[in-house]
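Notes for the one structure printed next.
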Amino acid sequence: MALIVQKYGGTSVGSVERIQAVAEKIKAFADGGDQLVVSVSAMSGETNRMTALAKEIQTVPSLRELDMLLTTGEQVTISLLSMALQQIGCDAISYLGSQVQIVTDSEHGKARIKSIDDSRIHASLDEGKVVIVAGFQGVDEFGHITTLGRGGSDTTAVALAAALKADECQIYTDVDGVYTTDPRIEPNARKMKAVSYEEMLEMASLGSKVLQIRSVEFASKYKVPLRVLSSLIDNPEGTLITSEENIVEQAVISGIAHNQDEAKLSLIGVPDKPGIAFKILKNISEANIEVDMIVQSVSAREGLTNFAFTVHRNDFNQAQSILQTVCDDLGAIGVQSDDKVVKVSLVGIGMRSHAGIATQMFEVLHNEGINIQMIATSEIKISVVIDEKYLELAVRSLHSAFELDKE
Ligand code: ADP
Ligand code: ASP
Ligand code: MG
């Protein structure tokens, strides 16, 4: 008998029919003798709908109240799924995050899980029930309801799997695995049989939304066998996320990620002297804005430098006004801002031992006439920031140049 944790995303529980189909799938596992803990997201579109409602009332909604509101989406789906299971003769019980003590820190909107009390879940499993746990939510030590950030149900599932020492964590979604790039952008993308934790972590952090980054961090830390599968079509293989040593054939480049949430800000003509980067970014980080890529370049004018960085588009307006103040304080020439940019990244463990990947990437972009605005590299990735209108062209031409469509 195996203990399996499953997660069904928004589209997989997006209607009564879909919820009933998910219930049938779960029942088949339960009938086969497995113990099941199931985490679900809100119905697709619900979290966005409620966020928009909140913004109609409060321009910048209170983060605590927003968590209180958004967590109701998952309360709807856990109860409906439990009813659907009971209706077909499969005993089930649903729990909110607070009821199974998914304890987090108090960072509303992006809380981190600190602990999970597995006793109640085990008790219900021992009674022969399928246990359904609301994804995306937790409770802090003072009893306030928190959320784990967008896409956070993936993290709920992996954290449950780690806490329960489950045999496998299965993430059911609207694609049948992790592809070499987002199949919505490149129809020739190829499904991968296995991906290492490290590469998946890089793909997720560079924008591949198929898994929330923290879920991969958890899986890697606690060595949870993680599988991405389709809830819509039957293919039990999906993609396995596992340790590097379990992967037989390692390609140089395993995937291309893209991030459309970036915005670029530049401070033009700042005096080139010690402490400038610190002074610019201090105010930004004090406003709790995360900075992604940073580039400092020498300007044509003597003694002056240009300083550019990217932030999440949600933080664009705020970052822009902070930077304007910094510009005035430092006597810089001006601020340039652009929220029509995207980041495209090549990811692959094989890059460690292969030179020339960056050159090849830049050549492909050059041949397509795509201007590179910023570059960042690490051991297993190369990222470029480009104009958003070239997103599809860049992804597709890189995908084909690096032969990712071939086995
Ligand atoms: P869910 O609601 O089930 O959590 P998401 O929309 O969060 O589903 O994630 C699934 C989506 O991730 C897919 O529909 C796909 O467009 C996107 N995606 C981005 N990059 C990849 C990739 N490399 N492989 C597969 N899917 C990807
Ligand atoms: N419902 C939440 C969201 O839309 C959590 C999730 O789907 O994983 O972000
Ligand atoms: Mg998701």
Side-chain angles (χ1 to χ4, degrees), residues 6-14 18 22 38-52 66-67 69-78 97 109-111 133-138 146-159 170-195 199-216 227-233 235 238-239 241 253-261 342-348 391-392 395 398-399 404-405:
Q6 300 185 334
K7 176 256 172 176
Y8 293 88
T11 26
S12 308
V13 294
R18 288 271 167 89
V22 164
V38 179
S39 172
V40 280
S41 298
M43 293 168 109
S44 63
E46 273 303 289
T47 313
N48 287 343
R49 187 184 66 84
M50 289 188 279
T51 308
L66 195 58
D67 280 356
L69 175 67
L70 297 187
T71 47
T72 61
E74 274 72 13
Q75 185 162 356
V76 171
T77 46
I78 55 167
K110 51 176 173 187
V133 180
F136 177 56
Q137 57 179 260
T146 55
T147 61
L148 311 177
R150 296 307 302 269
S153 302
D154 298 332
T155 302
T156 306
V158 179
Q170 303 172 342
I171 306 286
Y172 288 90
T173 180
D174 57 3
V175 276
D176 62 346
V178 179
Y179 280 67
T180 45
T181 194
D182 188 342
R184 285 185 213 220
I185 303 255
E186 169 54 289
N188 293 324
R190 190 173 46 79
K191 186 175 81 65
M192 295 185 270
K193 284 200 173 88
V195 186
E199 283 168 309
M200 195 62 236
L201 201 58
E202 203 71 75
M203 297 264 288
S205 67
L206 294 169
S208 298
K209 287 182 181 157
V210 60
L211 286 174
Q212 196 202 34
I213 172 164
R214 281 188 194 162
S215 71
V216 190
R227 202 179 283 277
V228 176
L229 307 133
S230 165
S231 67
L232 309 171
I233 56 165
N235 172 2
T239 299
I241 326 290
I253 304 297
S254 53
I256 302 173
H258 72 275
N259 186 347
Q260 290 168 281
D261 295 328
V342 288
K343 182 168 75 177
V344 174
S345 313
L346 286 185
V347 176
L391 170 63
E392 290 183 358
V395 170
L398 289 167
H399 197 266
L404 294 181
D405 45 350

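Counting starts at 1 for both ligands and their atoms, in listed order.
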Worksheet item: Hey, are H258 and S345 close enough side-chain-wise for a donor-acceptor pair under 3.5 Å?
Response: no

Worksheet item: Less than 3.5 Å between some nitrogen or oxygen of F136 and one of ligand 2, yes or no?
Response: no

Response to the item:
Nearest non-hydrogen protein atom to atom 9 (O) of ligand 2, with distance, is R150 NE, 2.7 Å

Discussion item. So, 4.0 Å and heavy atoms of G9: is ligand 2 close enough to count as a contact?
Written reply: no

Practice prompt. Tell me which protein heavy atom sits closest to atom 7 (O) of ligand 2, plus the residue, atom name and distance to 0.1 Å.
Written response: S41 OG, 3.2 Å

Worksheet item: If you count the atoms of ligand 2 from 1 in the order shown, which ones are under 4.0 Å from a heavy atom of G151?
Response: 3 (C), 5 (C), 6 (C), 8 (O), 9 (O)

Discussion item. Only heavy atoms of E74, strictly under 4.0 Å: list the atoms of ligand 2 that pass.
Written reply: 1 (N), 2 (C), 5 (C)

Worksheet entry | Min side-chain heavy-atom separation T173-S230 under 4.5 Å | no

Discussion item. Which protein residues come within less than 4.0 angstrom of ligand 1, counting heavy atoms only?
Written reply: K7, G9, G10, T173, D174, V175, G177, V178, Y179, T181, D182, P183, R184, M203, S208, K209, V210

Worksheet entry | Nearest-0.5 Å distance that lies between atom OG1 in T11 and atom CG in L232 | 6.5 Å

Discussion item. Can you confirm whether the side chains of S215 and T155 place a donor and an acceptor under 3.5 Å from each other?
Written reply: no

Worksheet entry | Under 3.5 Å donor-acceptor, D67 side chain and G109 backbone | yes

Discussion item. Using a plain distance cutoff, I'd like to know if K7 has any nitrogen or oxygen under 3.5 Å from a nitrogen or oxygen of ligand 2.
Written reply: no

Fill in: salt bridge (charged side-chain N to carboxylate O under 4.0 Å, His left out) evaluation trace for D176 with K191
CA-CA 8 Å; D176 62 346; K191 186 175 81 65; 5.5 Å; no

Worksheet item: Is there any N or O on D154 that sits under 3.5 Å from an N or O of ligand 2?
Response: no

Discussion item. Whether the E199 and S254 side chains hold a donor-acceptor pair (N or O, under 3.5 Å, no angle test) is what I'd like checked.
Written reply: yes

Item to complete: Give the intermediate values and the outcome of salt bridge (charged side-chain N to carboxylate O under 4.0 Å, His left out) for residues D261 and K209.
Response: CA-CA 11 Å; D261 295 328; K209 287 182 181 157; 2.9 Å; yes

Discussion item. Check this for me: K193, atom NZ, are more than 12 non-hydrogen atoms of other residues, nucleotides or ligands nearer than 6.0 Å?
Written reply: no

Item to complete: Say whether G135 and ligand 2 are in contact under the criterion: heavy-atom distance to a ligand atom below 4.0 Å.
Response: no

Item to complete: Would you give the length of the straight line joining atom CD of E202 to atom CG of L346, rounded to the nearest 0.5 angstrom?
Response: 11.5 Å

